[in-house]
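Atoms within a ligand are numbered from 1 in the order they appear, just like the ligands themselves.
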Amino acid sequence: MDGDALFLGLDLSTQQLKGIVIDSSGQILLETSIIFDSQFPEYQTTNGRHINGSTATAPVLMWVEAIGLIISRVHDASLAHRIRAISGAAQQHGSVYWSQQGIETIGKLDAQRSLHEQLAGAFAVLDSPVWEDSSTVEQCRRLEVWAGGSAELARISGSAAFERFTGAQIMKIKDQSSDTWSRVARISLVSSFVASILSGTLAPIDASDASGTNLYDIEAKQWSKALCNAIDPGLLEMLGREVTMADQVVGTLSPYFATKYGMSQCSVVSFTGDNPSAYAGFESMLAGADQLASVISLGTSDTMLSPLTRYPYSPDGLAMDAEHIDGHVLQHPTVPDRYIAMLCYKNGSLAREWVRDNCLGANTSGSWTEFNQAAATGPLAPAAYGFYYLSTEILPKGAIGVHRFEQTASTGDIVCPSGKHYKRVQDFSTTSGPRAILESQVMSMRLDYSRKSTKPLTAAIVTGGASVNPVLRQVVADVLGVPVFAAGLQGSGGVGTLAMPAYGAAVRALRYLEPGHVLDGKHVLEQVSCPDFDMLGVYSEVLADFEFLREQVTHKFVLVGR
Ligand code: XUL
């Protein structure tokens, strides 16, 4: 391989666009981030999006500006001319609505003018629905009726109807305005939208990210014609009939970027969702780890990704528990006959931050150090449990509000399966908030994993911004009862620092040009926590009570805030 060759991986997440440039040994030459709120105050986003009740959107032109800016940063670092392939990741489920003018414009952009100025009229919808949106309850119900029920929709698409999934988002756009809908020429996911801007042509959606739409027939490996047609007879064409895999090329860099930044018309390899990109990234770095470990990503949302070697909902697959179809099954991004079980929790880092800011008591500065000091105690369970659903939760579906329970002698009005009594409290009597949120978040993962997979968990690899928190890592080890690993690069300042959706994408770009290329062992997978089996014993004993209490706060829309 050309020793000069470099590879760019991007990740357009909720709050930022990240770019990582690697060489062919996997070393990082540049890591740069554009934080939407601070870089583009004119779009007035909070944490990268606009929240209006249950509606969550992001300005598509802000994303366009960010794409231009990140490539200019690679250029400013004098690396752009050496890039041979680009791939990327993006938040799952969000949708971008192209106008006919947009399709015509992206291939013939003028390198003298800015991207967003030329693409101002390129979108029929300027505020793209994003994964945090939960305003499509009604559309979800219709989709399930069309599919023949929620279990049947899960069998087809890997998931029951979820508010944030793209199918329901598209239905809402159509329901809201026939005028807007008439101007929609094509629809991209956020991942294929970024690939489209870079390649100057409408990039196909990849199968793994298509699994987050409720419209993709995972076993048939094509869009469900019946579901797409039920929404609109033109929808199949709007989505682009063909889907691709995340290791396939979807185009070459558009002349706009090549001319403006002195780049070669290098390959653009398919973009995919952030979770599948991270998952595939770990697999390619750590041969065989996929068969052993689940990947737990601790970020704006927390996700747990576990390997599946067969599609669980096929008639010859595992019996589907119709009561527990809350999680998701995704097509593996690069291996056609493999799948991923995904559990997604919306109230991840933002909820942890809320507890840090609100639950440490007076005379504290609200720092992570103080949060960790308060959290680094032994198990709080069974003495108390805390559920912090600041925005409508995905898992358990529809849960909202802050709910705290404390054990009482025998006077509490809630009697759990173990016979222990609990009462709801407005606030804990001590500063238990930090410990309670970490425990309850990870106990939820343990509970939901047991409903999704028959395989015992053997190890967890943690990634994402919050995965550097040692107390959280230890809670993961103790509640799940498995060793916890984090990945990094030698000399990069420690494990747990690898931004995997973007890094995984850079590796896919590298591997596209040199299939089977083995990264030369500079990666480290280090055990960062070891389970304490006494603590594990406590959590195992209280799991049924935890499940019972979580049931109490699901679909009960009471906000017990501070
Ligand atoms: C996954 C999900 C989130 C987003 C975050 O289903 O909705 O994890 O992908 O970017």
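Some N or O of S301 is nearer than 3.5 Å to an N or O of ligand 1, by distance alone. Close N/O approach between H328 and ligand 1 is not found [any backbone or side-chain N/O within under 3.5 Å]. For ligand 1, the polar-atom distance check against D274 finds a nitrogen or oxygen pair separated by under 3.5 Å.
In this structure the side chain of R511 never reaches within 4.5 angstrom of the side chain of D247, judged on heavy atoms.
Contacts between K346 and ligand 1, counted as non-hydrogen atom pairs separated by less than 4.0 Å, are absent for every part of the residue. The part of N275 lying near ligand 1 is the side chain, judged by heavy-atom distances below 4.0 Å.
Contact analysis puts C344 in contact with ligand 1, with a non-hydrogen atom separation below 4.0 angstrom.
Between T14 atom OG1 and N47 atom CG the span is 8.5 Å, to the nearest 0.5 Å.
Remark: ligand 1 atoms within the under-4.0 Å shell around heavy atoms of T303 are 8 (O). Listed by number with element, the atoms of ligand 1 under 4.0 Å from a non-hydrogen atom of M342 are 1 (C), 6 (O).
Between the side chains of K172 and S135, a donor-acceptor pair is found at a separation under 3.5 Å.
Looking at atom 6 (O) of ligand 1, its nearest protein heavy atom turns out to be H93 NE2, 2.6 Å. The closest protein non-hydrogen atom to atom 7 (O) of ligand 1 is R164 NE, 2.9 Å.
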Inset, instruction - Any chance you could lay out the side chain to side chain donor-acceptor pair (under 3.5 Å) test for S13 and D11, step after step, and finish with the verdict? - result: CA-CA 6 Å; S13 65; D11 177 25; 4.6 Å; no

Inset, instruction - Go through R508 and S277 one step at a time and tell me if the side chain to side chain donor-acceptor pair (under 3.5 Å) criterion holds. - result: CA-CA 9 Å; R508 286 204 314 282; S277 184; 2.9 Å; yes

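Taking the centre of each ring, F162 and H93 stay at or above the 6.0 Å mark.
For the pair R241 and W223, the cation-pi test (distance below 6.0 Å, angle within 45°) is failed.
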